[in-house]
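Each remark here refers to the structure printed beneath this line.
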Amino acid sequence: MKPCYLIFTLLICCMACKKDLIPKKEGNFKLNFEHRVDTSLLKLGTTTYKNPSAESYTVTAFKYYISNVYLVKMDNSLLRLPVTYHLVDESKPESKSILLLAPQGEYRAIGFKLGVDSSRNVSGAQTDALDPVLGMFWSWNSGYIMAKMEGKSPVSAAPDKTLTFHVGGFKGPFNAVQDIRIQTPISITVGPDREPAVTFRTDLNKWFGPPNIVSFATTATIHSPGEAAWKISVNYKNMFRITNVTDL
Amino acid sequence: MYTCFVMALIWACRKSGDNKPPAGPTPYTISLPAHFPQPVYDLSRNPPTVEGVALGRRLFYDPRLSRDSTISCGFCHQQFAAFAHFDHALSHGIDNRNGFRSVPSLFNLLWQKDFMWDGGVNHLDIQPLTPISDANEMGEDLGRLIARLNADKKYRSMFDGAFGPGEINSQKLFRALSQFMATMNSFNAKYDSVLTHKAQFSPDEQAGYAIFQAKCAACHKEPLFTDGSFRNNGLPYNEFLNDAGRMRITNSTGDYLKFRVPSLRNIIKSPPYMHDGRFYDIYDVFEHYSSGIEQTPTIDPIVKNGIPLSQEEQRQLYFFLTTLTDHSFINNKSLSEILIYN
């Protein structure tokens, strides 16, 4: 009898120590990113593409930050999720799918920042997706590279015919952090035992215009904050399109 | 019996470790002078510990932070020169390379809101990334450096001691370096003793102080002896370096040829002077302000018409500047170089 009593008390004891016994009404949802150049799937390396100025090029790196994700409820109010930072990198397939936790509910649109908000650009050493070890931080002029595209083009005047588009800057009129908000074609419902997924098609060719047409013959290198970088960010603001919603 | 269970319950709910002596690193108190303003650096976000400061000191003096293991931070930042590079106009790096600016002295960094001659770096924690990764300085890739530290048993145990067990990442590296740099403070010069009524200026020093207050203090603001601003002080343009100064950071033509106003603390110990180290003697600096100003569109109004300094004034100013040498700082054993064998 006595040992039984002891076990029972210990159980109560354990329960009393548990922080939260009420299950939270939350669910997962997924953002998938599929990289294309116009309609062709992006392949790093040797595949040749043409920019809007009909100049051919190849791509060796393509990556960008997604942060500050929010959802839009059916009544159009915003639901800001805890701030997280994700580096979507074509060379790392697992980075192209972001799993997030959101409160139960039905949502009609998704928003996020394409880039890293200004506060994290001025707060010293960061970790994880913001670790400067990832090569997305300018050391000489503190700040994150919000998006990066590297490749080659026969018309490039840079040494070795390279293309270097490092887009960043978080200050003043040339803040390259872009706010993206996209309506989902059907609403998505988040809740326990569900995992809706939204697939974005990301078109790299949108980087080179319109509205700001970029010719590789004249502009093959951008690697500092300022007007030129900002103009690219105005272009790539239009690079996302939702192509699929799995509301399961 | 019941009391016993209640006791067990209370015991079970306690956070572990309450009865043990505190595990983990020992807090390190940084003494801040009463006559200084509030620091800019938020120590509560990176609380210094004895272990963290010791680790930062080792990292500061370890040449293995550079690509070919020849250049440590302390290679260019020498304590006897107030952590500037004595007698070197331009910064040195691996492979016999040179940078294009002089090595700034290091002290009172807690009060500095941005770094480098052009103010391009906005936080003390990430400042070391610049010399570590610059091809003309330590030339190392941050990822390779982190991998090297993780492979080193001694560093693994020191990082564990300072930040708790786990992989070494760049944040821990930078925070350890910041903790050490947070201890590099200079506020015990004769000037400070005079300010706090523990000493008196000599007549020459006193006269020099009056000249300083009348002619220098507008930019070299007390008690830090800099106002932290960027100005064009009328240096003749150096066409070999073609250095645009702060314009490189802001892209604003209004910042062309502007550079940080350096602190004058320990100035006599840290020649050569100016962003390009062009003046080896403080009297050359006096002559520049007195008669060497070059007019350019962004010239600072304060120096535009020159700051006349007679021979006698220059002599007295020199005596005052010697009262800004902090011997307890440049001889502080806890900041001195440590030799690293393993």
Side-chain angles (χ1 to χ4, degrees), chain A residues 1-19 85 87 89 116 118-145 168-176 222-231, chain B residues 1-2 4-15 41-42 45-46 99 113-134 136-137 141-147 166-178 246-252:
Chain A
M1 190 63 202
K2 215 174 182 182
C4 232
Y5 183 48
L6 188 76
I7 286 162
F8 181 72
T9 315
L10 274 174
L11 263 170
I12 289 181
C13 187
C14 286
M15 285 184 56
C17 284
K18 271 193 84 151
K19 275 189 180 155
Y85 300 86
L87 182 59
D89 180 346
V116 178
S118 64
S119 73
R120 291 293 182 127
N121 281 273
V122 297
S123 316
Q126 309 289 324
T127 54
D128 302 321
L130 297 180
D131 193 324
V133 80
L134 295 170
M136 295 294 280
F137 189 83
W138 279 313
S139 61
W140 59 281
N141 191 350
S142 300
Y144 282 93
I145 296 168
F170 60 93
K171 284 182 279 194
F174 302 126
N175 181 351
I222 292 176
H223 53 200
S224 60
E227 187 173 5
W230 171 76
K231 279 185 167 172
Chain B
M1 189 68 199
Y2 178 72
C4 189
F5 281 125
V6 171
M7 292 276 285
L9 202 145
I10 291 169
W11 177 82
C13 282
R14 284 178 71 119
K15 280 182 189 164
Y41 189 83
D42 184 355
R45 293 187 61 178
N46 180 22
K113 67 179 192 308
D114 38 32
F115 302 85
M116 309 299 281
W117 279 107
D118 56 21
V121 175
N122 64 23
H123 199 288
L124 179 60
D125 288 356
I126 47 157
Q127 164 56 35
L129 178 59
T130 308
I132 289 172
S133 59
D134 189 321
N136 290 326
E137 298 190 37
D141 172 73
L142 185 60
R144 278 179 37 139
L145 172 56
I146 297 297
E167 285 271 299
I168 298 168
N169 61 25
S170 70
Q171 188 184 55
K172 293 178 185 177
L173 165 69
F174 293 138
R175 287 190 170 176
L177 281 164
S178 283
R246 183 149 173 82
M247 189 175 101
R248 179 173 179 248
I249 302 303
T250 62
N251 290 326
S252 161

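By convention in this document, chain letters (A, B, ...) are assigned in the order of the sequence lines, proteins followed by strands, and residues within each chain are numbered from 1.
Around atom NZ of Lys231(A), no more than 12 heavy atoms belonging to other residues, nucleotides or ligands sit under 6.0 Å away.
Of the listed residues Val121(B), Thr250(B), Asp134(B), Ile146(B), the one with more heavy-atom pairs under 4.5 angstrom with chain A than any other is Val121(B). With chain A as the partner, the residue from Asp125(B), Leu142(B), Asn122(B) showing the most heavy-atom pairs under 4.5 Å is Asn122(B).
Between Gly143(B) and Val133(A), the shortest heavy-atom distance links the atoms CA-CG2, 3.1 Å. Looking at every heavy atom in both residues, Ile249(B) comes nearest to Trp140(A) through CD1-O, 3.6 Å. Closest approach of Thr130(B) and Ser139(A) over heavy atoms only: OG1-O, 3.0 Å. Heavy atoms only, all atoms of each residue included: Leu129(B) and Pro132(A) are closest at CD2-CB, 4.0 Å.
Side-chain contact of Asn169(B) with Thr127(A): a donor-acceptor pair under 3.5 Å is absent, judged by distance alone.
Contacts between Ser123(A) and chain B at a heavy-atom distance below 4.5 Å involve backbone atoms as well as side-chain atoms. Contact of Arg144(B) with chain A is not made at all, since no heavy-atom distance falls under 4.5 Å.
In this structure, Phe137(A) CZ and Ser170(B) OG are separated by 10.0 Å, a value rounded to the nearest 0.5 Å. Separation of atoms CG (Asp128(A)) and CD (Gln171(B)) is listed at 8.5 Å; rounding is to 0.5 Å.
Under a 3.5 Å cut-off, the side chain of Asn141(A) and the backbone N or O of Gly119(B) do not form any donor-acceptor pair.
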